[in-house]
Amino acid sequence: MDTLNMIISDTLESVEDTVAITASNISEITFDLSKLWNSNGIVFTVIGYSVVFIALLLLFIAFKSLTKIISFNLRRKFNKTAEVPTEKKGFDISGDITAAISLALHLHFEEIHDLENTVITIKKIQKTYSPWSSKIYGLRQNPRGIK
Amino acid sequence: MENIVHDIDKFIKFTGFAHMTIGHIIMIIVGLIFIFLAIKKEYEPLLLVPIGFGILIGNMPFFENIGLQLGIYEEGSVLNYLYFGVVKGIYPPLIFLGIGAMTDFSALLSNPKLLLLGAAAQVGIFLTLMAALTLGFTLPQSAAIGIIGGADGPTAIFLASRLAPELIGAIAIAAYSYMALVPLIQPPIIKLLTTKKERLMKMKPPRSVSRREKIIFPIIGLLLTCLISPGGLPLLGMLFFGNILKESGVTKRLSDTASKSLIDIVTIILGVTVGASTQATTFLTPQSIFIFILGAISFMIATAGGVIFAKVMNLFLKEGNKINPMIGAAGVSAVPDSARVAHMMGQKEDPSNYLLMHAMAPNVAGVIGSAVAAGILLSFLMGG
């Protein structure tokens, strides 16, 4: 009983301690706008965000022009050899068709289809030799004595 | 008789009951809520189950600091060794390797302007940084708290491990919680900022992307982003490395390992140790509560930033090229949940409107954007 009382009193003490610590720490946290200026928070924010934006803007420009560069080279190559057929110029597969082809390929490679593949799996089982199961003495052999 | 009583007393002192505090009980309830949300509601179960169970593990009370080496903060314990990867920021780059090997950047490559949405959504990081500063957090601490708005758990852990290791537990838990709660947090904000007409907007189907483009992407991506923001090298380097393993087509085994076994192993260890780091005796502080509040604000601002920027972009785009503003919300990273939210909301308005592919573009751009932001914060604050 004493032990139980001790545990309860310990627990209550720890709860009181936690509440006391929490209350004191909350009173330490204050709202102060001047800290933004004192620690260069605004300058830091503006520069930081601008750099993130510029990095992704550069990526955008790079990939926007990348497509053009690739197609430009192809066009030049085609011009040297032969005229590109008119249908090929506007060759563009729509998203729906791409999705259908992707699904078909996925099903094919993952073998998720309703037809069994044609590989027949016969397992070779090795048995120890015994005259009782030997084909040599089997009934399908013609007995030598009978002609 | 006295000896028996003494032994029983000693035994009781060593049980968890003797050291149970109200804090432990609160944290155990939090852990159970996480597990409930993961199993019943299926909110990010791959993260919430390990984290939720980790919270239970971390909040089993015991006799601390008497050399038993049990707790996550006790040197030499198994959990402490596993937690080393979190504290030193080892796991996040490995997760990024897996993400890179899993992610198809085709949607982004077919419509590169959506990269800007990923940049716009990072506004949450910087505005929250300012809010945290006004509340008395130091600049490095504020930056670590702000990164929660990037909605990228590994990035948040990586940055916190460098800038504010003392806050890593709270920041990691906040980041992962908000990632899991994307389906609850984002829809009201998106709905508030968009009209029905905008939500019904259909986008042009993305063009097909050549293999050459996909291979060039990680190389140019790495060069450009890491030259601007070398601080993000561990994350961006691994992200693009994982992606080239996938897109090269000649390293299928490596790409499979990175995108399946490796990322699964790291996620398990990361989740359970981050959960266990919420030991009530060190975790339950007013600072943690403020971090949670600031994290939520950061996340909301980021969502709003993406949506508003998409609307601004529409002002300059031609009729056929306009963007459904809902996909701007996917710029907050949180792959692929935020893209799924935009898609589901679009489907709700018009079942024939498929936005998932389009939303994946700002979503993966958000991953790059938050890693770049983390790199910049790291370079500025650690470089003096």
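Worth saying up front: this structure is predicted, and the values here are computed from it rather than measured. Values below: all heavy atoms of this structure, side chains included; hydrogens, waters and symmetry mates excluded. Chain identifiers are assigned alphabetically (A, B, ...) following the order of the sequence lines, protein sequences preceding nucleic acid strands; residue numbering begins at 1 within each chain.
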State the [atom1]-[atom2] distance between [X] and [Y], to the nearest 0.5 angstrom.
X: A:Thr45; Y: B:Ile125; atom1: OG1; atom2: CD1; answer: 11.0 Å
X: B:Leu109; Y: A:Lys64; atom1: CG; atom2: NZ; answer: 12.5 Å
X: B:Leu224; Y: A:Leu56; atom1: CG; atom2: CG; answer: 10.0 Å
X: A:Phe60; Y: B:Leu108; atom1: CZ; atom2: CG; answer: 11.0 Å
X: B:Leu223; Y: A:Leu58; atom1: CG; atom2: CG; answer: 12.5 Å
X: A:Leu59; Y: B:Ile228; atom1: CG; atom2: CD1; answer: 7.5 Å

For [X], which atoms come within 4.5 Å of any heavy atom of chain A: side chain, backbone, both, or neither?
X: B:Tyr354; value: neither
X: B:Ala365; value: backbone
X: B:Phe105; value: neither
X: B:Ser229; value: neither

Under 4.5 Å between any side-chain heavy atoms of [X] and [Y], yes or no?
X: A:Phe44; Y: B:Leu133; answer: no
X: A:Ile47; Y: B:Phe380; answer: yes
X: A:Phe53; Y: B:Leu116; answer: yes

Open item on the list: So which atom in B:Ser208 and which in A:Thr98 form the shortest heavy-atom distance, rounded to 0.1 Å?
Closed with: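 Shortest heavy-atom contact: CB-OG1, 4.4 Å.
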
Open item on the list: Looking at B:Phe62, I want to see if its CZ is surrounded by more than 12 non-hydrogen atoms of other residues, nucleotides or ligands under 6.0 Å.
Closed with: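 Yes - once you tally the heavy atoms of other residues, nucleotides and ligands closer than 6.0 Å, there are more than 12.
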
Task: Proximity breakdown for A:Ile97 and chain B, heavy-atom pairs closer than 4.5 Å - done: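 The answer is neither part of A:Ile97.
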
Open item on the list: Report which part of A:Ala55 has an atom under 4.5 Å of a heavy atom belonging to chain B: side chain, backbone, both, or neither.
Closed with: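 Both parts, heavy atoms under 4.5 Å.
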
Open item on the list: Let's test your reading of the structure: which of B:Ile220, B:Val123, B:Leu127 forms the most heavy-atom pairs below 4.5 Å with chain A?
Closed with: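 Sorted descending by pairs with chain A, the first entry is B:Val123.
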
TODO: Under 4.5 Å, counting heavy-atom pairs only, tell me which of B:Ala120, B:Ser210, B:Gly118 racks up the most with chain A.
DONE: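 If we count pairs closer than 4.5 Å to chain A, B:Ala120 comes out on top.
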
